[in-house]
There are 2 protein chains.
Amino acid sequence: MTARPAAQPPERLRRLPSRLLTRTAAQVQRLVAEGLGEYRTHHYALMAAAAELGPASQAALGQACGMDRSDVVAALDDLTARGLVRRAPDPADRRRNTVVLTGNGERALHELDARVQEVQQRAFSPLTPDERAVLADLLARVNRHHAEAE
Amino acid sequence: MTARPAAQPPERLRRLPSRLLTRTAAQVQRLVAEGLGEYRTHHYALMAAAAELGPASQAALGQACGMDRSDVVAALDDLTARGLVRRAPDPADRRRNTVVLTGNGERALHELDARVQEVQQRAFSPLTPDERAVLADLLARVNRHHAEAE
DNA sequence: AGCCGACTATTGGCAGCACCAACGAATTCG
DNA sequence: CGAATTCGTTGGTGCTGCCAATAGTCGGCT
C-alpha cells in the first residue's frame, strides 16, 4: 500500500475564502453549463435582457449584462444564426442595431428559464431556503461593493 | 438626453444565485490576481502544497490542489525557471519527479501569503467577521456537496 | 520470467469567460 | 464646423479548467 495520503488540500488553501468562492463558483457554473446545453451563459443573458428591455441597442444589452461589446457581437451572431434574435439598423441612430427577440427566441428563453431554475435547485441543494437567501444576500453585498467601485 | 436607463441587469439575472456566485467570484478573483502580481493562482497553490506536503510527486501536488496534471507541469515549469522549486527524479520510483521548494521559493511563498491575506480583507470588506464565517461555511457546504459527488 | 494493467510526466490541444486595442461610420457637443 | 464620443465590428490576449495521446516506469499476476 502506497499510504495514499488522501490528498487533502494544503491548509493555506482549504479555508481561503477567495478560493472557496472561486471553486464553488466553478462547480456551479459547470452545472449551469450542462443545464443550458447548447447555449452559453452569454446567450441566456442576452436573451433575458432583450426580453426585458424590449428593442434595444447592442450597447444597451451589453451594459445590462455586464458584457464586453465584442462578446455581445459574437453571442448575437450565434443567436441570429439560430433565428432567435433579429438585428436591424436603427433608423433614428444609424450607428445602432436594434435587437429584438423573435418568436422562437421567446420560446427558447422560456425553455432556458425552466432549465436554469432547475439547476439552481440542484446547485444549492445542500442549503435550506433560508440559507440560500443568506448566501444570496452576502454575495450580493460583496458584489455590489466591488461593482460600484467600477 | 438619451434617457440613460441606468442599464440595470435583467430581473431574471439580478437575483439568480448562480450568477451572483460566479460574478462575485470573478470580481474577487480579479483582486487576487492583482495581489499575486507576477504569479498565478496555480503558482501559489502549488507552492503552498509543496511547502506543506514536503517533497512530493507532481501527481500528489496536483491532486492536493485539484489541478489537472498538465496544468501542474506548466506551472512547475514557470516556478523552476524562477528558481523557486526544484524538480528531481525520484530514485525510488523513476516515473516520478520529486518536487521541493527552494529557499527562494519559501521566501516567495511567505511574501505571497501576506499578499493573499491582505486581499482577503479587501475582497470581503463589506462583511463583518461573523458574516464572513457564515459565507465561508455556506460555500464550503455547497463545495463539498459537489466535490464528493466527484 | 514475462506480460499486462496502472501510474507518471509531458505535450498539445480545446472551450468559456473576461478583457483590450483599433477601426470606420455615425452622432453629439462645444 | 471641428472635436470628442458612441456604436458595432474585427482580431487579438490571458486565465482557468479540461481532455487525449504518448513514452517511460512500476506492480501484480500468471
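Bear in mind the structure is a predicted one, so any value in this text is a computation, not a measurement. Residue numbers start from 1 in every chain, and the chains themselves are labelled A, B, ... in the order their sequence lines are given, proteins ahead of strands.
Salt bridge absent: A:Arg107 and A:Glu111 never bring a charged side-chain N and a carboxylate O closer than 4.0 Å. Salt-bridge check for A:Glu11 with A:Arg14: passed, with a basic side-chain N closer than 4.0 Å to an acidic carboxylate O. Using a cut-off of 4.0 Å between Lys/Arg side-chain N and Asp/Glu carboxylate O, B:Arg82 and B:Asp78 are scored as not salt-bridged.
No contact: A:Thr22 has no heavy atom under 4.0 Å from any strand. Residue contacts shown for B:Arg69 include a base, since a base heavy atom lies under 4.0 Å away. At a threshold of 4.0 angstrom between heavy atoms, the contacts of A:Asn97 are confined to the sugar-phosphate backbone, with no base atom among them.
Here the nucleotide nearest the side chain of B:Ser70, chosen from D:dT10, C:dT11, D:dT16, is C:dT11.
For A:Arg96, no side-chain nitrogen or oxygen approaches OP1 or OP2 of C:dA25 to under 4.0 Å.
The one candidate from B:Asp90, B:Val85, B:Leu53, B:Leu46 that meets the side-chain contact (heavy atoms from CB on, under 4.5 Å) condition with B:Val99 is B:Val85.
For A:Gln58 and A:Ala26, each mapped to the nucleotide of DNA chain D holding its nearest heavy atom, the one lying further toward the 5' end belongs to A:Gln58.
One can place CG of B:Leu61 at 12 Å from P of C:dT8, the figure rounded to the nearest angstrom. Residue B:Leu79 contributes atom CG, which lies 16 Å from atom C1' of C:dA9 at whole-angstrom precision. Atom P of nucleotide C:dC19 and atom CZ of B:Arg23 are separated by 8 Å, given to the nearest angstrom. We find that CG of B:Asp68 is positioned 16 Å from P of C:dC14, with the value rounded to whole Å. The distance between atom OH of B:Tyr39 and atom P of D:dT16, rounded to the nearest whole Å, is 15 Å. Look at NE2 on B:His43: it is 13 Å from P on D:dG17, rounded to the nearest Å. Per the geometry, OH belonging to B:Tyr44 stands 19 Å off C1' belonging to D:dC15, to the nearest Å. Distance, B:Gln29 CD to C:dC19 P: 12 Å, rounded to whole Å.
When all heavy atoms are compared, the tightest approach of A:Thr24 to B:Leu139 is OG1-O, 3.5 Å.
Annotation for B:Arg87: atom CZ counts as buried by contact number, over 12 foreign heavy atoms lying within 6.0 Å. Surrounding CZ of A:Arg141 are more than 12 heavy atoms belonging to other residues, nucleotides or ligands, all under 6.0 Å away.
A donor-acceptor contact under 3.5 angstrom links the side-chain atoms of B:Arg95 to the base of C:dC7. No hydrogens or angles were tested; on distance alone, a donor-acceptor pair under 3.5 Å links the side chain of B:Asp71 to the base of D:dC18. Remark: the A:Thr41 side chain and the C:dC17 base include no donor-acceptor N/O pair separated by less than 3.5 Å.
Of the residues in residues 87-94 of chain A, those lying under 4.0 Å from DNA chain C by heavy-atom distance are A:Asp93, A:Arg94.
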